[in-house]
There are 2 protein chains.
Amino acid sequence: MSENVGRWLRDEIENAILSNEFAPGERLDEMVLATRFGVSRTPVREALMQLNAIGLIEIRPRRGAVVIDPAPHRIFEMFEVMAELEGLAGSLAARRLDDESRAAITAAHRRCELSAGAGDSDAYYYDNEEFHKAIYAASRSEFLEEQCLQLHRRLRPYRRLQLRVRNRLSTSFSEHCTIVDAIFAGNGEEARRFLRAHVGIQGERFSDLVASMTAR
Amino acid sequence: MSENVGRWLRDEIENAILSNEFAPGERLDEMVLATRFGVSRTPVREALMQLNAIGLIEIRPRRGAVVIDPAPHRIFEMFEVMAELEGLAGSLAARRLDDESRAAITAAHRRCELSAGAGDSDAYYYDNEEFHKAIYAASRSEFLEEQCLQLHRRLRPYRRLQLRVRNRLSTSFSEHCTIVDAIFAGNGEEARRFLRAHVGIQGERFSDLVASMTAR
DNA sequence: GTCAATGAGTGTGTATACAAGAAATTGGCT
DNA sequence: AGCCAATTTCTTGTATACACACTCATTGAC
């Protein structure tokens, strides 16, 4: 348990939402949550407000909190912004790369190669996350890194769905290769372009995502 | 007063911070705020947590809340991200422009022309804000618009400082002209480039900002 | 039979009380 | 006289109590 109950609860509830235990559209009753976690309503309300700020739930005055159920076009918009931010991170990383960041990116890239080769989509999901985080860190812009991490966390469940699409693992990894090459070559604009294309969900990727969303 | 006291307090305290009544680094005592606004500690704590989520204050466990005092390099990073997001908004606006958005941008642009011509930096500050907001809306991406508005609000005080720099009004307005031309011409990539350059604080603009920050 | 209005019930919003940790002050010791 | 430690005080974190708004169901009228 974290140092204060409110933050711990935030993480607990966030995980429950991201793992679909609390389904989109579901109402979150403060008292039910309080008894479930063995605390009073006060820290529950704190946690809910933080989740509201993150954008995972919506709190309507006097009407309680519900898990947000974003429309497909909104998810598309979120990926569009994510692609832009990651593109910026990539271009900065290419210009500012130092040994430490280079090593971190290389290591994550290697792990992606292994899990992609093994066709292990769960492992790749995790390694891919580390790869992207390594690029955020390499941008050497703390604020950008924070923004990327926050949006990444919010998009996490959809990224996972994307990986289920056939051949996506190998496609994703080969895109990683071009991104790594561009960054290591110090070519900021190429890194930006490749990352934008890699993260964005243009065309059929979007319909694939929508299809896998409705499938569950 | 808003529908619930917590949100009202959030706005009140936010304004107090942005107008420098609560200076950066200052400690915000819950009880002091509660008596000042004639409420109990509960909604004050709510407001503080929301401000913490926005990034205006920092809440350290068991040690209270302090107004964040961002280092100059962090402000630079924030403008860098803002420039990227506005660039995206501009490029989308150029591609998706409809009559309504075109009218809104034109109207805001006209008002900027008037206040810039009059040398009224306070009026220009406000009109400039509306101009940028019109572009966010024209992007037709609700999520992007929200992100832009949020970051814009956080950078508001620094934008104001920037306008105090000599000749910045006319420079800013002439940049607006090129942006409007690019958007109206449907040239997304030009709109992106011009907006990035307009919003970012490269080179001497950054040192101007730092100078005006230390001056107060 | 349908629609509206009123009442009960449930749940959020705010206040207050209590517990626990951090900071400050005072006292003793070197 | 200065520094360290212990105690006190002040502030935050959590629990609980109470008030009020919203929802939903039931009853009555058209």
Side-chain angles (χ1 to χ4, degrees), chain A residues 1-18 20-70 150, chain B residues 1-18 20-70 150:
Chain A
M1 194 183 298
S2 176
E3 56 223 342
N4 77 30
V5 181
R7 299 186 186 194
W8 169 67
L9 270 177
R10 168 174 61 78
D11 294 338
E12 287 294 316
I13 301 174
E14 181 180 4
N15 287 334
I17 293 175
L18 294 183
N20 236 318
E21 187 182 344
F22 296 142
E26 186 174 337
R27 176 130 174 240
L28 299 177
D29 188 300
E30 295 176 357
M31 202 53 211
V32 171
L33 291 171
T35 51
R36 163 170 173 169
F37 291 106
V39 296
S40 80
R41 274 180 55 220
T42 310
V44 170
R45 286 177 59 79
E46 288 195 4
L48 290 180
M49 277 185 305
Q50 289 184 56
L51 293 172
N52 178 60
I54 294 173
L56 269 176
I57 68 173
E58 186 187 354
I59 298 181
R60 296 163 304 177
R62 291 255 167 222
R63 296 187 59 197
V66 293
V67 180
I68 280 198
D69 187 9
Q150 195 175 320
Chain B
M1 198 182 298
S2 175
E3 58 221 343
N4 78 28
V5 181
R7 298 185 187 196
W8 169 66
L9 270 177
R10 168 174 62 76
D11 294 337
E12 287 293 316
I13 301 174
E14 181 180 4
N15 287 335
I17 292 175
L18 295 183
N20 236 316
E21 187 181 344
F22 296 141
E26 187 174 338
R27 176 133 173 240
L28 298 177
D29 187 297
E30 294 176 357
M31 203 53 213
V32 171
L33 291 170
T35 51
R36 163 169 173 170
F37 291 106
V39 295
S40 80
R41 274 180 54 220
T42 309
V44 170
R45 284 177 60 78
E46 288 195 4
L48 290 181
M49 277 185 306
Q50 290 184 55
L51 294 172
N52 180 59
I54 295 173
L56 269 176
I57 67 173
E58 186 188 352
I59 299 181
R60 296 162 305 175
R62 293 253 169 226
R63 297 187 58 195
V66 292
V67 180
I68 280 198
D69 187 10
Q150 195 176 319

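Below, chain A is the first sequence line, B the second, and so on; all start at residue 1.
If you measure from atom CZ of B/R7 to atom P of C/dG13, you get 8 Å, rounded to the nearest angstrom. Protein atom CG of B/L33 is 13 Å distant from nucleotide atom C1' of D/dT12, rounded to whole Å. When the P atom of D/dG13 is taken as reference, atom CE of B/M31 falls 15 Å away, rounded to whole Å. The CD1-P distance, from A/I59 to C/dG11, rounds to 16 Å in whole Å. Look at CD on B/E58: it is 16 Å from C1' on D/dT12, rounded to the nearest Å. We find that CD of B/E30 is positioned 9 Å from C1' of D/dG13, with the value rounded to whole Å. Whole-Å rounding puts the B/R45 CZ to D/dT11 P distance at 14 Å.
Checked against side chain to side chain donor-acceptor pair (under 3.5 Å), B/R36 has the following partners two or more places apart in sequence or in another chain: B/E21. Residues satisfying the side chain to side chain donor-acceptor pair (under 3.5 Å) test with B/R62, not counting sequence neighbours, are none.
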What one-letter contact string describes nucleotides 17-25 of chain C from 5' to 3', where B marks a base within less than 4.0 Å of any protein heavy atom, S marks contact via sugar-phosphate atoms alone, and - marks no contact? B--BSSS--
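Within residues 46-54 of chain B, no residue places a heavy atom under 4.0 Å from DNA chain D.
Interatomic distance, CZ of B/R41 versus CG of B/D29, reported as 9.0 Å (0.5 Å rounding).
Here the closest heavy-atom approach between residue A/E58 and residue A/I68 is recorded as N-CG1, 3.8 Å. The two residues B/V66 and B/R27 come nearest to each other via the heavy atoms CG1-CA, 3.9 Å. Of all heavy-atom pairs between A/A65 and A/I57, the closest is CB-CD1, 3.9 Å.
Here the side chain of A/N20 pairs no donor or acceptor atom with the backbone of A/A23 at under 3.5 angstrom.
Of the candidate nucleotides C/dG13, C/dA15, D/dT16, D/dT16 has the atom nearest to the side chain of A/S40.
With DNA chain C read from its 5' end, the first of the two nearest nucleotides for A/D29 and B/V39 is the one closest to A/D29.
For the helix from C/dG1-D/dC30 to C/dT30-D/dA1, the angle separating the two terminal helix axes comes to 10°, with each axis derived from five pairs and the value rounded to 10°.
Between A/F37 and A/V32, every side-chain heavy-atom pair lies at or beyond the 4.5 Å cut-off. Counting heavy atoms from C-beta on, the side chains of B/I17 and B/I13 come closer than 4.5 Å.
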Got a list of side-chain donor-acceptor pairs under 3.5 Å for residues 42-53 of chain B, not counting sequence neighbours?
from: B/R45; atom 1: NH1; to: B/E30; atom 2: OE2; distance (Å): 2.8
from: B/R45; atom 1: NH2; to: A/E46; atom 2: OE2; distance (Å): 2.8
from: B/E46; atom 1: OE2; to: A/R45; atom 2: NH2; distance (Å): 2.8
from: B/Q50; atom 1: OE1; to: B/R10; atom 2: NE; distance (Å): 2.6
from: B/N52; atom 1: OD1; to: B/I59; atom 2: N; distance (Å): 3.4

From CA spacing to verdict: side-chain contact (heavy atoms from CB on, under 4.5 Å), A/V39, A/L33: CA-CA 8 Å; A/V39 296; A/L33 291 171; over 6 Å; no
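Proximity of B/T42 to the phosphate of C/dT14: no side-chain N or O atom is located under 4.0 Å from OP1 or OP2.
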